[in-house]
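Since the structure comes first, as structure tokens, the remarks are kept for the end.
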Amino acid sequence: MITTQALIEIEAHWAIQAMGDDAPRALARASELHVEVALAPVLEQSPASADDIALIDRVATAYELAALDGLAVLLRPFVSEDEEARAQQVRAGAYRAFELLRALPLPEEIDMRVFAVLHLAALGYCGERWTDARRWLTERDIHSHLWTAVEDTDAQWDQHLLRALYSCWVALLRKEGWQDLAAIEGAVATLREQQQTLETELLTEQSPPVVRKGVALKLLALYHWAKATEVLARYMTTGRTGASGTVQTVLDQHFEASASAAAASGDLELDFLLRWLHVAAREMASGSLWSAAGNAGDAITRFIEHVTQARGIIEFLPPQRAALKEQGLLDQASRAVVVELPTSGGKTALAEFRMLQALEFGGDDAWVAYVAPTRALVAQVERRLRADFSPLGIEVAALSAAVEVDAFERGLLAEEGALRRVNVLVATPEKLDMVIRNELVARPLALVVMDEAHNIEEHDRGLGIELLLATIKHDSPNTRFLLLMPFVPNADDLARWLAPDASRTISLGASAWQPNEQIVVVYSPERLDDAPGNWRLRMETLVTTRGSVTLSGSRRVGPDRPVDKPYSGVSLTATTAAMAKVFSERGTSIGVARTLPDTWTMARLVENELPELDPVPDAIGLVQRFLKTEVDPEFELVRLLKRGIGVHHSGLSDEARSLIEWLAETSELRVLCATTGISQGIDFPVSSVFLATRQLPTRPAREMTRRAFWNLAGRAGRLQHDSVGVVGLAAGNDPAAVKQYVVDATGDLVSHLEQTLKRLWEAGTMSNLEAVIHSEEWASFRTYVAHLWRQKRELEAVLAETEQLLRNTLGYSSLKSSSSDSAQSQAAALLEATRKYATSLADHSENAVLADSTGFSPEGVRSALLDLQGLEDKPRPDEWTPTSLFSESGQPRLAALIGVMLRVPELNSLGDLVRDGEGRDTIARIAQAWVNGDTIGEIAQEFFASGHGEEALTSAISDACRGIYRQLGYAGTWGLAALSKLPTTGIDYEAMNEEERRLLNQLPAMLYHGVRTEAGVLMRMNSVPRSVAEALGEHFEEASGKRAAETNPHDAREFVASLEADEWAALAPQSSHMSGADYRTVWRHLSGTES
Amino acid sequence: MSLPAGRECYAADAAPIKARGHQLVADDIDDAACSAVSEVLWDAQGKAELETLLSEAATTEFETDRIQAILESDVQDVEDWRVGEAFAQRYLEDHEDCMFPWAPRRDLKNPMGSHPGAELVGFRNPETPRFAFGEVKTSSQQNAPPSVIYGDDGLRAQIKELRDESRVTRNLVKWLGMRAHGASWEADYKSAAAAFLVNGRDFVVFGVLVRDVEPDPADLSGSAEDLASDTIAPTVIELHALYVPPEHIPEFGKP
């Protein structure tokens, strides 16, 4: 794959050297023109002069000559190592020539235009920029009326052939789905029919025999080209060529014959074009999804068949192709593969290939775990995998983000029958940790895919992720790993950590490929003196480490006073709102605010400036009705959506966020106002992203890492639509710091464990490590040690394995492999402290055992055990039922349990739910209201309102959502589940019947999902909106003649999928604003079911 | 084998255009001279390529009977203009330090003149190589200058196109570039291309008139004057008229 280094080295080529300073000048000017055209409605323009055009043309010729200097290397079956430099040179030359020529106007005359378009596209292919070439075709409107050229036979036969083949090639280049490509075969067949009459006409017109010969040769050239085109299209769509030989040899034969016939006919231009197209055709074929089929196995072949036809995905993106075909993603011998890939490089598809391979070669029982960092991403990945894998008979399931594994989930995981056995499980790291430690799936775990694996350095969750991988490495020695991450220079370290002798790093961060061009700008308001308070936006492009395009000087953006604030009142939020609003003309803009309330402020500022959508698109109307029903009819977001404005933050439910993301993804939103939290949740591209701040909304505030920033920035620019993505940072008081931030390199990824030890070492408090290990920050570490205790149950065995236990972690193994004395000392101190801690567990080994099933650290277990023992109001064993705990009379009991939870360190975030000291009662009442079906709006008004009016309601709803989905949904459900497992509750599991045990197990799930029946839980697990979940659950039980407990999520899902709109409507509550069809559409979207 | 240089019979220069007449007499046209031209004209490699092309035509799955019949038919009567082109190429190679790797098959001619090019594409001057593009016209007309000088397809217009249309020369340079890597003339190409890239007007254009009439400076003088006004250095334009005895052109065309 072409590297950034190759783009540097090409400058030393004799052809580029000959250009002197003209080369950088031309590139800069071409980029500028390209960016200006792309940002036309927003940015001041500086149209190209004749001199500009001549300069760009001349320099483009130089780069093309560099590409031509050895072009044949790309036509060889294999590029040897010696030839690799030449291949890089050829690609780099084509890469630059494309970049220059695309900025120039196209010739008007049709045949010249045909040549210009195909030539440029071929350069794009050779320079691994087919995605850019495809966008360029769209932007220059080369799409329209494609196939009319094939029917229209007014032109002479040779011209007609040329134009028809041009149409075929535009179809090949734009790749608008399978049908479009399949039409090419039909077009070539039509040409064969037309030949009979049209060829005779042409040949008889040419009287001197020698002239006839020339024409005949040119026709022969065109026929071979047509045949090559047909073969290529057939291969891209079906993986077959219809001729003997590989696709490459068949293409070679026809293109070579075609070019030499063209040359013999004296048509040098056609000869030249055909030779470029020959290379492009080979590149295209070798990037075809089918090229990965080969010996990859049946499942992969069927997968390719499905995605090419159903999803219209025909060709790998260059990084995908490099990963699969050059860098050995599917190498069976590698136990750990770490893929470092630029954002939007198509990592999910790569994971899919490796997953299919793992399932195919892992035996009938094998399963794969896909770990995504947030609930929203779990849902997104589940939808994607289900759509891609279900047709192959591969069962995909996602686990809820609740730490506890509920009864249905347990059933799902334990399922042994071949029919419904889960093959792929999508979960958050915490949830998978629970599944692994408690061995809830008895079948072999073939592969763990860790998405966004750079989170291993993250402050709050990094240690947990590292220890999850360490646990899998220890407990399941045959499991393979696939880690996906952006911008990690030391990806190798991670690969070696997971499999020292069988690892592979696929590092594409240094490749020149970009999903699209980007500009990174710093923006600020500029005071204008013409009217009091007047101002406008000004932006300056920045030089960055990521090869962003820079424009000369600072530029004025948008109109005067873009949002209604006087200059003196323009905050960072207002400036960012203004940028997002101005750039929304090009497509969805994200404005990132400092705090959650700021997102609302931003949204309101934009609201004043944008007209209402007329008509309101169906998708927006649907989301509005969903919010009215599920949140509150007066919810401010409903009104904002009317103008295409959305918000995205933790003050919304997962479902609402997911629907908002869907609107952004499908470009229905103009502006999305979000918190920096979106950097963890966004997996879809938008046009522009503007950040009012680089601070994360943590306490204390921390700066977003460079890696996280570039990951977020990578979303600016839609692969298919935007030539230029725009990323902006507010200048604030310190523009210099902003400029520095984007030039600083993304550093090595360091495990959180290692960072912590380093901090202690630097503070000189290493001797205190033994005590530090008992702090909250180390809870997951303690649980990790306890897990070994549960497995060994004997101090000596535990101590014997402690070193190995630590070696399984990235932090310890990296310290051990370091040559520095301080690293060795830190490692030794950690080992010592861990041994002491393990020894201390011997005193209460039962706590260590309970740590695995509860997920608490042994100390958390101990605190809860003791607390429960002496608890006055604790529920009697027979009161651990929904009707009791969640009823009004059960409130003191639930409050008592919450009191215990509040004292467990792992659950202390539960306390954030309420402001005052009388927390436990209020928390219990909120929990009951939630389970008993109060809407978010009702809960907000009752428990969170602090004033009147719309803004107060908005703020109360945000608080209620955070409380319910974060504190209650996470800590509350975890606490309830964990406490119920402790012996001091007095619950005697042995004495309970199956039914009672199940019901007890479902309590946390009811709290998580906000329903009070088992059937309701079953429906919520299957993404049914809460307002209809219980009614639908009841209907399911009636229809199936079974109680929910006797069924499973799979059957429930099939049932829901079979419902017609009127059935949904009949079950919807009176107060619902949604129609039956609305429910069905929302459900299909949330559950990832193809409609 | 090489062509004799003949005698320079006139100079009709109009600075910066060089315009010369060269006269070859009957004695010059010996067997060796004829063979030199015929090597160019009856290119054996080209014939072999054509045979391969014909053998593969059917794999296109288009009807190829008509094309095959046309391509297989022998063209016996070699037109004078084809001989003239081969003769001019050979002359420039032997006496003007030129080398033309582009060897068009002169028994074929593409009449769809919409694709610009040049009849001869190569280099001049092994010391400081520059691209050399040549246009050739052959005429037995007694008028001086003959009519092939004029009109849209005339020699003068073709030379002007090469001089003025950067798109045409650039495409020719790129076309040669596609074949340069590893070729015997790669070094020449690099030098010529470097000069061309620095200044897109740095090349030589030859206009060659092949005549079997008595030498007359009027064949070239008008064109030299016409071209002189807009030809700016470093572009070099040279006009050469090659005179052979009457009826001698077909002599060169014998296989």
Side-chain angles (χ1 to χ4, degrees), chain A residues 14-15 17-20 54 57-59 61-62 64-65 68-73 111-112 156 158-159 188 191-192 195-196 199-200 203 206 208-220 223-224 226-227 230 243 253-254 257 260-261 263-272 275-276, chain B residues 46 49-50 52-54 56-57 59-64 66-71 73-75 77-79 82 102 104-112 114-119 121 166-167 170-182 186 189-191 193-198 200:
Chain A
W14 60 265
Q17 286 287 304
M19 304 312 300
D57 225 345
R58 213 155 52 78
V59 175
T61 303
E64 188 169 355
L65 291 188
L68 292 171
D69 184 10
L71 183 66
V73 75
D111 286 346
M112 276 165 76
Q156 281 203 123
D158 60 331
Q159 267 177 333
V188 175
L191 290 176
R192 290 202 178 98
Q195 181 195 12
Q196 195 63 32
E199 185 190 81
T200 317
L203 288 173
Q206 315 297 332
V210 68
V211 170
R212 269 216 299 275
K213 279 203 174 186
V215 177
L217 272 172
K218 182 170 176 189
L219 291 180
L220 189 54
Y223 295 158
H224 274 293
K227 179 66 189 174
E230 180 186 50
Q253 185 217 324
H254 290 290
S260 70
S265 83
D267 196 334
L268 303 196
E269 207 164 10
L270 182 60
D271 173 25
F272 183 74
R275 286 176 201 269
W276 266 122
Chain B
E49 272 174 25
L50 184 63
T52 316
L53 277 178
L54 286 174
E56 289 179 352
T59 61
T60 62
E61 292 175 47
F62 277 81
E63 279 288 331
T64 50
R66 281 179 298 270
I67 295 184
Q68 299 231 19
I70 291 171
L71 292 177
S73 69
D74 270 341
V75 180
D77 50 336
V78 183
E79 287 94 338
R82 293 164 48 216
W102 158 235
R105 289 184 52 73
R106 297 211 173 71
D107 55 340
L108 310 157
K109 183 84 178 168
N110 173 28
M112 275 80 83
S114 65
H115 302 294
E119 277 143 5
V121 184
S166 59
R167 193 180 86 87
R170 213 171 36 236
N171 283 349
L172 292 172
V173 167
K174 289 199 278 192
W175 181 85
L176 262 189
M178 205 157 227
R179 287 159 170 75
H181 185 68
E186 186 177 1
Y189 180 82
K190 285 181 182 174
S191 306
F196 179 82
L197 287 170
V198 172

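Numbered from 1 within each chain, the chains take letters A, B, ... in sequence-line order.
When all heavy atoms of B/W175 and A/L268 are compared, the pair lying nearest together is CD1-O, 3.4 Å. Looking at every heavy atom in both residues, B/R170 comes nearest to A/T61 through CD-OG1, 2.7 Å. Scanning both residues, A/K227 and B/T60, for their nearest heavy atoms gives CD-O, 3.7 Å. Considering every non-hydrogen atom in both A/H224 and B/E56, the closest pair reads CE1-O, 3.6 Å. Considering all non-hydrogen atoms of both residues, A/D271 and B/R179 come closest at OD2-NH2, 2.6 Å. Considering all non-hydrogen atoms of both residues, B/L50 and A/L217 come closest at CD1-CD2, 3.9 Å.
Distance check: B/E63 CD to A/Q196 CD gives 6.0 Å after rounding to the nearest 0.5 Å. Atom OG1 of B/T59 sits about 13.5 Å away from atom OH of A/Y223, to the nearest 0.5 Å. A/L65 contributes atom CG, which lies 5.5 Å from atom CG of B/L197 (distance to the nearest 0.5 angstrom). The distance from the CZ atom of B/R167 to the CE atom of A/M112 is 3.5 Å, given to the nearest 0.5 Å.
Contacts of A/Q17 with chain B are absent, with no heavy-atom separation under 4.5 Å from either backbone or side chain. Both the backbone and the side chain of A/Q195 have a heavy atom closer than 4.5 Å to some heavy atom of chain B. Using a 4.5 Å cut-off between heavy atoms, B/Q68 does not touch chain A at all. Of the two parts of B/A57, the backbone and the side chain both hold a non-hydrogen atom closer than 4.5 Å to a non-hydrogen atom of chain A. Neither the backbone nor the side chain of B/T52 comes within less than 4.5 Å of any heavy atom in chain A.
By the 4.5 Å heavy-atom criterion applied to side chains, B/M178 and A/E64 are not counted as neighbours. Using a 4.5 Å heavy-atom cutoff, the side chains of A/E199 and B/I67 are in contact.
Options A/A54, A/A243, A/G70 differ in how many heavy-atom pairs under 4.5 Å they form with chain B, and the most are formed by A/G70. Each of A/L71, A/L219, A/T200 has some count of heavy-atom pairs under 4.5 Å with chain B, and the biggest count is that of A/T200.
Between A/W14 and B/Y189, the ring planes are perpendicular. Angles over 60° get that label, and only those under 30° would be called parallel.
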